[in-house]
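Here the structure comes first, spelled out in structure tokens, and everything after it is commentary.
Start at 1 and go down the list; that is how both ligands and their atoms are numbered. The figures that follow rest on heavy atoms only: side chains count, while hydrogens, waters and symmetry mates do not. Computed from a predicted model, the values in this text were never measured in an experiment.
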Amino acid sequence: MMQNIRIAIQKSGRLSEDSIDLFKECGIKLDMGKGRLKSVSSNFNAEFLFLRDDDIPGYVEDGVADLGIVGENVLVESAKKVNLVKKLGFSKCRLSIAIPREESFEGPQSLQNKSIATSYPKLLSKYLKENGIKANIHEISGSVEIAPSIGLADAVCDIVSSGSTLLSNGLKEVQEIFKSEAVLIGNKNLSAENKSILEKILFRINAVQKAQDNKYILLNAPNDKLPEIINIIAGMKSPTVMPLAVEGWSSVHSVLEEKAFWEKIEALRNAGAQGILVIPIEKMIL
Ligand SMILES: Nc1ncnc2c1ncn2[C@@H]1O[C@H](COP(=O)(O)OP(=O)(O)OP(=O)(O)O)[C@@H](O)[C@H]1O
Ligand SMILES: O=P(O)(O)OC[C@H]1O[C@H](OP(=O)(O)OP(=O)(O)O)[C@H](O)[C@@H]1O
Ligand SMILES: [Mg+2]
């Protein structure tokens, strides 16, 4: 019998839902019963551990878990020796320095001899060192944004996404020091068996991510406009072209990358395409 690969994901927080959804989209079932901290998949050689995110890099380094999902910020701050297997594209955020709204900032030197509250002392001291700044780092584990208003620190260094937490605490973002997203990490000494399970997982993640980055497109075009239209939407190999029941017209099917989407739609309309349908793709295997 094949062993199960052990995958650590965040129990509850900003990474949890997207981590669970990712495995579900990969067709890997995981039951998350209330209060359960471990779950064995019923259709894949995997066992899930639900943990605090800060503990995940350490567990993966020690081999208690084979794989894990964490924010890059937590991974780098932890300084644990694990492999960064794949960036996952969700939980995107940045680690930034923020100061009280009414104060001015003239670059890193404005932080000289100031006290800065953060949960990320390693990332912050690296930034300060690179900029030749001496500051007093005040480490706290949460609710960092409150620090200046209660006189605990002059500035903060914390996670920012929409910026609304800073805004509601009278702070402004003045310097981004690190960009982060969720990453899949792996133990450095995976067994051959676990390596082959990881390959299967990566194959599925790639198919899911590719599908999310692309759309299926169908359109009608007059035959004399086909060369121009085909040129705009090359697709995976080349578009499928089928005659319509009405003389002189064809139906063109292809795959479009999400990031160039609207430009291509405009170009297609200008080239004479009509009845354009755009459909999400569930999985995409190249
Ligand atoms: N506002 C946000 N938007 C997007 N991603 C975020 C945001 N806040 C945090 N993250 C990312 O999600 C990760 C987990 O954030 P969360 O706030 O759930 O952590 P936590 O409170 O430390 O959780 P835990 O209880 O597991 O220790 C962060 O390390 C960061 O990578
Ligand atoms: O820029 P924003 O969109 O406001 O997001 C930033 C906030 O999100 C995170 O906290 P979270 O809400 O996850 O709560 P936590 O402090 O309990 O982890 C982070 O620690 C910031 O406080
Ligand atoms: Mg945490």
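When heavy-atom distances to ligand 2 are checked against a 4.0 Å cut-off, V144 has no atom that comes that close, whether in backbone or side chain.
Atom 31 (O) of ligand 1 has its closest protein heavy atom at N73 OD1, 2.7 Å. What sits closest to atom 27 (O) of ligand 1 on the protein, heavy atoms only, is R52 NE, 2.6 Å. Of the protein's non-hydrogen atoms, the one nearest atom 14 (C) of ligand 1 is D53 OD2, 3.4 Å. Of the protein's heavy atoms, C93 SG, 3.9 Å lies nearest to atom 11 (C) of ligand 1. The protein non-hydrogen atom at the shortest distance from atom 8 (N) of ligand 1 is I159 CG2, 3.5 Å. Atom 23 (O) of ligand 1 has Q10 NE2, 2.9 Å as its closest protein atom, hydrogens excluded (heavy atom only). The closest protein non-hydrogen atom to atom 4 (C) of ligand 1 is K92 O, 3.4 Å. In terms of protein heavy-atom proximity, atom 12 (O) of ligand 1 is closest to R14 CB, 3.4 Å.
Each of L286 and V208 belongs to its own hydrophobic cluster when Ile, Leu, Val, Met, Phe, Trp and Tyr are linked at side-chain heavy-atom distances under 4.5 angstrom. Cluster annotation: L30 is connected to I69 through the hydrophobic network of ILVMFWY side chains, with a link wherever side-chain heavy atoms come within less than 4.5 Å.
Aromatic pair F44/F23: centroids not less than 6.0 angstrom apart.
Side-chain atoms of N73 never come within 3.5 Å of backbone atoms of S180 as a donor-acceptor pair (strictly under, hydrogens ignored).
Here E257 does not pair with K215 in a salt bridge; the nearest charged N to carboxylate O distance is not below 4.0 Å.
Taking a cut-off of under 4.0 Å to the non-hydrogen atoms of V74, the atoms of ligand 1 that pass are 29 (O). If you number the atoms of ligand 1 from 1 as listed, the ones under 4.0 Å from a heavy atom of G71 come out as 31 (O).
Distance screen at 4.0 Å: atom 17 (O) of ligand 2 has no protein heavy-atom neighbour inside the cut-off. Checking atom 21 (O) of ligand 1 against the protein gives no heavy-atom contact under 4.0 Å.
Of all N, O or S atoms in D53, the one lying closest to the Mg ion (ligand 3) is OD1. Note on D54: its N/O/S atom closest to the Mg ion (ligand 3) is OD1.
The heavy atom nearest to atom 8 (O) of ligand 2, out of those in R14, E145, E173, R94, is found in R14. When S161, C93, S168, S141 are ranked by how near their heavy atoms come to atom 5 (O) of ligand 2, first place goes to S161.
Here's the thing with S143: none of its N/O atoms is less than 3.5 angstrom from an N/O atom of ligand 2. For ligand 2, none of its N or O atoms has an N or O atom of L166 under 3.5 Å away.
S164 counts as a contact of ligand 2, since one of its heavy atoms falls under 4.0 Å from the ligand.
The side-chain hydrogen bond (donor to acceptor under 3.5 Å, both in side chains) test with E25 singles out one residue from Q212, K283, Q209, and that residue is Q212.
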Please lay out, stage by stage, how K179 and E72 fare under the test salt bridge (charged side-chain N to carboxylate O under 4.0 Å, His left out).
-> CA-CA 8 Å; K179 263 193 176 24; E72 262 177 297; over 6 Å; no
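Contact annotation: the side chain of V70 approaches that of I185 to within less than 4.5 Å [non-hydrogen atoms, C-beta and beyond].
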